[in-house]
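Worksheet: one structure, shown below.
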Amino acid sequence: MIFDAFLIRAALAGVGVALAAAPLGCFVVWRRMAYFGDATAHASILGVALALSFDTSVFAGVLVMALAMGSTVSSLSGRGYAVDTLLGVLAHSSLAFGLVAVSFLSGVRLDLMAYLFGDILAVSQTDLMIIWGGAAMVIALLWWRWSALLTSTLNADLAHAAGIDPRREQLILTLALSVVVAVAIKVVGVLLIAALLIIPAATARPFAKTPERMTLIAAVIGAVSAIGGLQLAFSFDTPTGPTIVCLAAVLFALSNLHQLIRRT
């Protein structure tokens with residue numbers, strides 16, 4: 001079967017996002033930061049509205065708002081606020097403010113559903129360069145800080161003893177997460193970004209004996225979900241972003257079923 005150009009771009013975009021999300025998703029799972037990913041993703045809608053208001057790049061607007069959200073959570077979480085409560089308030093309020101801000105945009109044609117659930121079939125060559133550039137940036141950043149990030153994830157006291165500042169590593173993860181959100185919004189949308197971060201990593205966890213192996217397996221699962229979900233959406237005429245996440249969820253269920261069978 002010969003794929004059309006837009007399907008090739010969509011497949012490359014999905015694989016690029018999967019490769020960026022896989023290692024970061026592992027840290028999200030290890031640190032139990034699922035709600036953090038949600039809050040960062042929800043803030044991106046406000047970034048879209050601000051970018052369109054000031055006639056600037058949507059990628060830049062989303063990146064700035066995602067960084068602002070991550071920095072806000074990191075600074076407030078150590079000041080007596082319960083993290084889950086703080087994330088709940090910030091995630092839903094930022095999404096609400098973003099949707100209200102979008103409603104005030106006049107003379108701007110905006111497909112809100114594309115930002116909420118993704119529109120991978122509309123990925124352009126420019127989008128593709130941004131996605132793969134962002135993926136390369138995230139992979140390089142995590143490769144550079146891998147040992148320090150792992151140490152601070154395992155034990156903050158051990159990190160301090162090794163001369164590593166856990167808060168600095170948290171900020172590095174925040175930066176990487178913001179870049180992933182900014183590049184993934186075109187593919188799976190705001191409401192499904194956290195799923196693409198968490199599900200492949202959670203699926204890979206039972207099969208991995210080392211952190212490095214878990215990231216590799218998660219990357220493969222993410223890429224299979226992206227390409228397979230794209231094929232299923234094309235075959236059954238279903239929404240592409242949700243179909244990608246559905247396939248990832250099925251793989252997660254099969255992974256747990258496999259583990260259950262092995263234990264019995």
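Below, all heavy atoms of this structure are taken into account, side chains as well, without hydrogens, waters or symmetry copies.
- Cluster membership check: Leu121 does not share its hydrophobic cluster with Leu232, using side-chain heavy-atom separations under 4.5 Å among Ile, Leu, Val, Met, Phe, Trp and Tyr.
- Both Val102 and Phe117 belong to a common hydrophobic cluster when Ile, Leu, Val, Met, Phe, Trp and Tyr are linked at side-chain heavy-atom distances under 4.5 angstrom.
- When side chains are defined from C-beta on, Met214 counts as touching Trp30, because their heavy atoms get closer than 4.5 Å.
- Taking the side chain as every heavy atom from C-beta outward, Ile45 and Leu116 approach each other to under 4.5 Å.
- For the atom pair CZ of Phe234 and CG of Leu7, the computed distance is 5.0 Å after rounding to the nearest 0.5 Å.
- Of all heavy-atom pairs spanning Ala184 and Ile193, the tightest one is CB-CG1, 4.1 Å.
- Scanning both residues, Val245 and Ala195, for their nearest heavy atoms gives CG1-CB, 3.6 Å.
- Heavy atoms only, all atoms of each residue included: Ala13 and Leu128 are closest at N-CD1, 3.5 Å.
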Run the numbers on Thr203 and Ser255 for side-chain hydrogen bond (donor to acceptor under 3.5 Å, both in side chains), then give the verdict. CA-CA 6 Å; Thr203 305; Ser255 168; 5.6 Å; no
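- Separation of atoms NE2 (His258) and CZ (Phe207) is listed at 5.0 Å; rounding is to 0.5 Å.
- Using modelled atom types, one side-chain atom of Trp132 and one backbone atom of Leu12 make a donor-acceptor pair closer than 3.5 Å.
- Residue Ile185 holds its CD1 atom at 11.5 Å from CG of Asp127, rounded to the nearest 0.5 Å.
- Counting only distance, with no hydrogens or angles, the side chain of Arg9 and the backbone of Val123 share a donor-acceptor pair below 3.5 Å.
- Closest non-hydrogen pair, Val15 versus Ala226, comes out as N-CB, 4.2 Å.
- Atom CG of Leu247 is separated from atom CD1 of Ile221 by 10.5 Å, given to the nearest 0.5 angstrom.
- Results of the side-chain hydrogen bond (donor to acceptor under 3.5 Å, both in side chains) test with Ser152 over Gln170, Arg31, Glu169, Arg167 single out Arg31 as the only residue that passes.
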Test side chain to side chain contact (heavy atoms under 4.5 Å, CB included) on Arg205 and Gln259 and set out the steps. CA-CA 11 Å; Arg205 194 170 192 171; Gln259 292 301 309; over 6 Å; no
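- Separation of atoms OG1 (Thr153) and CG (Leu158) is listed at 11.5 Å; rounding is to 0.5 Å.
- Of all heavy-atom pairs between Ile199 and Ala249, the closest is CG2-N, 3.9 Å.
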Check the pair Ser94, His42 against side chain to side chain contact (heavy atoms under 4.5 Å, CB included), reporting the backbone distance first and the verdict last. CA-CA 6 Å; Ser94 62; His42 287 176; 3.9 Å; yes
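- Annotation: side chain of Val17 is not in contact with side chain of Val188 (no heavy-atom distance under 4.5 Å).
- A distance-only check finds no donor-acceptor pair linking the side chain of Ser44 to the backbone of Gly47 [under 3.5 Å].
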For Leu150 and Arg145, run side chain to side chain contact (heavy atoms under 4.5 Å, CB included): C-alpha distance rounded to whole Å, both residues' side-chain angles, the deciding distance at 0.1 Å, then the answer. CA-CA 9 Å; Leu150 272 181; Arg145 302 300 304 170; over 6 Å; no
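- Contact of the Val28 side chain with the Leu173 side chain is not registered, since no non-hydrogen atoms from C-beta on lie closer than 4.5 Å.
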Test side chain to side chain contact (heavy atoms under 4.5 Å, CB included) on Met65 and Leu50; report intermediate values, then the result. CA-CA 9 Å; Met65 283 308 304; Leu50 292 175; 3.8 Å; yes
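- Note: the hydrophobic cluster containing Leu171 does not contain Trp144 (ILVMFWY, side chain heavy atoms under 4.5 Å, direct or indirect links).
- For Asn256 (side chain) and Phe252 (main-chain N/O), a donor-acceptor pair under 3.5 Å exists by modelled atom type.
- Shown here for Pro166 and Ala156, the closest heavy-atom pair between the two residues is CG-O, 4.0 Å.
- The line from CD1 of Ile120 to OG1 of Thr240 is 7.0 Å long, rounded to the nearest 0.5 Å.
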